[in-house]
Colleague: 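Sharing a structure, written as structure tokens. Questions coming.
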Amino acid sequence: MKQSQLLIPTMKETPADAESISHKLLLRAGFIRQNAAGIYSYLPLGYRVLRKIEEIVREEMERAGAVELLMPAIQPAELWQQSGRWEVYGPELMRLKDRHGRDFALGATHEEIITSLVRDELNSYKKLPMTLYQIQTKYRDERRPRFGLLRGREFIMKDAYSFHATQEGLDERYQIMYDAYTRVFSRCGLNFRPVIADSGAIGGKDTHEFMAFADIGEDTIAYSDVSNYAANIEMAEVKHIPTQSDEDELPLDKGQAISGDDRLIMVQWFKVNDQAAAVLHRAGDEINDVKVKNHLNATMVDAFEGHPAFNLSELKNKDVILLADNGVQNVVNGVIKEGEQVAHFNVNADRDLKAVTFGDFRFIKEGDPSPDGEGTIHFTEGIEIGQVFKLGTKYSESMGANFLDENGRSHPMIMGCYGIGISRTLSAVAEQYHDDRGLIWPASIAPFQVHIVPVNVKNEEQKQLAVSLYNTLSGQYEVLLDDRDERAGVKFAEAELIGCPVRITVGKRASEGIVEVSLRSKGDKEEVSIEQLPEFIKEHLK
Ligand code: 9G3
């Protein structure tokens with residue numbers, strides 16, 4: 001491709017409102033342009049990278065036995081009413097009315113569509129298992145879109161759905177997709193890992209998130225420094241290690257409270273659906289509302305103030321849910337405080353907290369022992385680029401997607417769903433592959449593999465050689481020729497910004513058939529004869 005034909009509006013300055021490095025560089029290098037908050041155009045170079053990532057995904061989905069189809073972005077509200085999610089999702093689900101006043105949703109995901117399709121078209125165990133996927137634009141009206149393509153309101157996702165007659169079938173398919181995701185992200189050159197994750201509002205039990213490491217990542221990953229344990233911090237379980245104390249248990253609320261932070265027990269209140277829940281925890285520990293929500297199997301859990309004063313004898317009679325983090329069991333003669341008020345003192349869990357349900361409710365902390373018993377927990381930030389879920393029968397039951405087994409009995413299909421953020425993956429690669437001069441694309445997804453830059457297009461010899469190299473190399477590589485009449489410094493700086501892996505500079509020694517080759521991922525440049533060029537390129541594009 002000739003650069004004079006392409007729209008690559010590079011920028012010298014970094015746009016002020018771009019916070020993440022990938023957002024800055026994708027804008028500066030002319031890969032994307034914003035049309036509205038969280039809504040972008042993919043310009044030619046950005047779109048070429050996007051399509052490469054899609055092709056890798058298609059190859060691995062094909063290898064994993066998934067079949068591609070395409071579903072509508074506009075979804076009838078009836079389907080979301082059948083699944084019960086029309087009411088569950090708030091303003092994040094973009095909705096519209098057609099000219100007849102009928103309600104529709106802009107597709108944030110496609111469980112409802114795919115389940116209704118399979119419900120209407122498949123009904124025998126003989127037709128299962130079936131794994132279908134699409135690569136489609138998704139719409140989610142994020143309150144605060146940010147970091148460019150990392151958190152957009154319109155983005156591109158590969159979403160796959162599998163349908164099974166048995167749990168074993170789902171377990172097997174889950175592993176196949178998990179392995180396919182590992183291949184996809186490895187082929188994109190990403191530094192990533194799968195982590196144990198929370199299945200959130202979509203139900204289902206097993207789920208893993210694929211996290212690309214990046215400081216800008218909005219997810220915190222707790223991982224062991226010894227084993228391969230890793231979990232989204234929302235899901236990381238805290239291993240309770242009971243401690244013994246030879247201190248005598250003092251009578252509850254009699255005498256004086258003994259001070260000391262290690263005796264302090266705090267109360268965190270939550271509104272759970274329409275009930276109040278008090279969660280006791282040791283000072284210094286923080287309650288993880290996702291753990292409270294999952295423990296109570298609730299849909300809404302919000303921390304709230306303005307609750308009744310904490311009083312053990314009163315509250316156990318009211319319909320207040322009383323919970324305590326396991327850590328409270330290690331407190332001897334504890335002091336339960338609300339703000340500055342002492343609610344109780346000389347509290348000893350085994351004697352005084354019988355009405356309280358104990359569980360793992362706190363966030364894991366750096367330095368905690370790894371839940372698998374091997375090593376210590378450390379934190380790092382990650383960008384969620386993929387998710388695999390075991391959905392079970394949540395959608396097939398609510399939407400009546402059943403199959404007849406070999407005895408003619410009807411059962412709801414068992415489902416899995418699997419997502420890859422295509423546009424997010426593009427940004428994650430940019431987050432991991434750049435330097436102070438610009439982007440550094442891995443060869444597998446670079447917009448072009450070879451970038452030919454003649455130093456001076458007015459010099460006939462340089463121009464001739466550049467064009468002839470372009471013509472020969474275009475046969476086996478994707479080549480970008482900078483045919484513009486620009487100063488050399490500008491062309492070199494832009495080549496570095498765009499970040500194609502191999503650059504061929506045609507300069508003074510063109511008359512001797514010598515060109516300079518450089519790899520964007522390494523600084524070194526070397527002069528090679530045009531005869532050596534094909535070998536050099538093949539060697540370095542592996
Ligand atoms: C919505 C809105 C936002 C959402 C969802 C629905 C996330 C929603 C979870 C999933 C689960 C999987 C298939 C591919 C892989 C992920 N945000 N989720 O269901 F209406 Cl506004 O999307 N879906």
Side-chain angles (χ1 to χ4, degrees), residues 38 57 61 64 66 68-96 103-118 131-145 150-163 170 173-174 177-178 180-181 184-185 194-195 197-211 218-219 232 234-235 290 293 299-300 383-392 394-396 398-399 415-425:
V57 168
M61 284 299 107
E68 185 169 12
L69 50 66
L70 182 61
M71 291 178 264
I74 298 184
Q75 307 186 1
E78 291 79 9
L79 295 180
W80 285 70
Q81 285 150 359
Q82 285 169 23
S83 71
R85 294 212 291 178
W86 184 256
E87 306 307 327
V88 168
Y89 281 91
E92 192 189 355
L93 179 63
M94 298 181 91
R95 304 162 204 246
L96 72 154
D103 287 319
F104 289 84
L106 279 185
T109 181
H110 283 71
E111 280 82 1
E112 282 78 2
I113 299 278
I114 194 75
T115 305
S116 66
L117 176 75
V118 170
T131 304
L132 301 163
Y133 80 94
Q134 66 170 351
I135 296 180
Q136 237 258 24
T137 307
K138 292 280 186 289
Y139 300 88
R140 294 178 186 176
D141 200 353
E142 298 283 349
R143 193 193 14 241
R144 254 197 93 210
L150 285 179
R151 179 172 289 280
R153 292 195 290 172
E154 177 182 280
F155 55 96
I156 296 171
M157 182 195 277
K158 182 285 300 176
D159 43 324
Y161 305 86
S162 64
F163 299 84
L170 172 58
R173 169 60 44 188
Y174 185 91
M177 296 297 266
Y178 182 103
Y181 275 42
V184 165
F185 298 128
V195 304
D198 170 50
S199 56
I202 64 155
K205 42 187 179 37
D206 277 13
T207 175
H208 284 83
E209 286 166 350
F210 284 75
M211 293 287 186
E218 293 182 334
D219 288 274
N232 187 314
E234 291 183 344
M235 268 314 266
V290 171
K293 184 164 70 97
T299 45
M300 306 299 277
I383 299 168
E384 179 201 326
I385 49 179
Q387 269 192 311
V388 287
F389 289 90
K390 289 181 182 174
L391 277 179
K394 171 178 163 57
Y395 292 93
S396 45
S398 58
M399 301 186 71
M415 291 174 61
C417 67
Y418 320 86
I420 288 181
I422 302 280
S423 40
R424 197 178 253 185
T425 296

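One-based numbering along the sequence shown. In listed order, ligands and their atoms are each counted from 1.
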Colleague: Could you see which bit of Leu93 sits under 4.0 Å from ligand 1, with heavy atoms only: side chain, backbone, both or neither?
Modeller: both
Colleague: Counting both backbone and side chain atoms, is some N or O of Gln387 under 3.5 Å from an N or O of ligand 1?
Modeller: no
Colleague: Considering residues at least two apart in sequence or located in another chain, which fulfil the ring pair (Phe, Tyr, Trp, His ring centres under 6.0 Å) criterion with Phe104?
Modeller: none
Colleague: Any N/O of Glu92 closer than 3.5 Å to an N/O of ligand 1?
Modeller: no
Colleague: Given Arg173 and Thr131, is the side chain to side chain contact (heavy atoms under 4.5 Å, CB included) satisfied, shown in steps?
Modeller: CA-CA 9 Å; Arg173 169 60 44 188; Thr131 304; 3.2 Å; yes
Colleague: Cut-off 3.5 Å, side chains only: do Gln134 and Asp159 have a donor facing an acceptor?
Modeller: yes
Colleague: Taking 4.0 angstrom as the limit and counting only heavy atoms of Ala108, give me the atoms of ligand 1 inside it, by number and element.
Modeller: 1 (C), 2 (C), 20 (F), 21 (Cl)
Colleague: Run the numbers for me: atoms of ligand 1, each under 4.0 Å from some heavy atom of Arg85, listed by number.
Modeller: 6 (C), 8 (C), 19 (O)
Colleague: Do His208 and Tyr174 get their side chains close enough for a donor-acceptor pair, meaning under 3.5 Å?
Modeller: yes
Colleague: Go through the steps for Glu112 and Arg85 under the test salt bridge (charged side-chain N to carboxylate O under 4.0 Å, His left out), then give the verdict.
Modeller: CA-CA 9 Å; Glu112 282 78 2; Arg85 294 212 291 178; 2.6 Å; yes
Colleague: Considering Arg140, Lys138, Glu209 one by one, which has a heavy atom nearer to atom 10 (C) of ligand 1 than any of the others?
Modeller: Arg140
Colleague: Using only heavy-atom distances, determine whether the side chains of Tyr139 and Glu154 contain a donor-acceptor pair under 3.5 Å.
Modeller: yes
Colleague: If the cut-off is 4.0 Å to any non-hydrogen atom of Trp80, which atoms of ligand 1 fall inside it?
Modeller: 20 (F)
Colleague: Applying a strict 4.0 Å limit to heavy atoms, is Glu111 in contact with ligand 1?
Modeller: yes
Colleague: Below 4.0 angstrom from a heavy atom of Asp159, which ligand 1 atoms are there? Numbered from 1 as shown, please.
Modeller: 14 (C)
Colleague: Determine the interplanar angle of the Phe210 and Phe185 rings, folded into 0 to 90°, and report it as parallel if under 30°, tilted if 30 to 60°, perpendicular if over 60°.
Modeller: tilted
Colleague: I'd like to know if Arg151 pairs up with Glu142 as an ion pair, taking the criterion as any Lys NZ or Arg NE/NH1/NH2 lying under 4.0 Å from an Asp or Glu carboxylate oxygen.
Modeller: yes
Colleague: Counting each atom of ligand 1 from 1 as listed, which ones have a heavy atom of Gly419 under 4.0 Å away?
Modeller: 14 (C), 15 (C)
Colleague: Give yes if a backbone or side-chain nitrogen or oxygen of Tyr161 is under 3.5 Å from a nitrogen or oxygen of ligand 1, and no if not.
Modeller: no
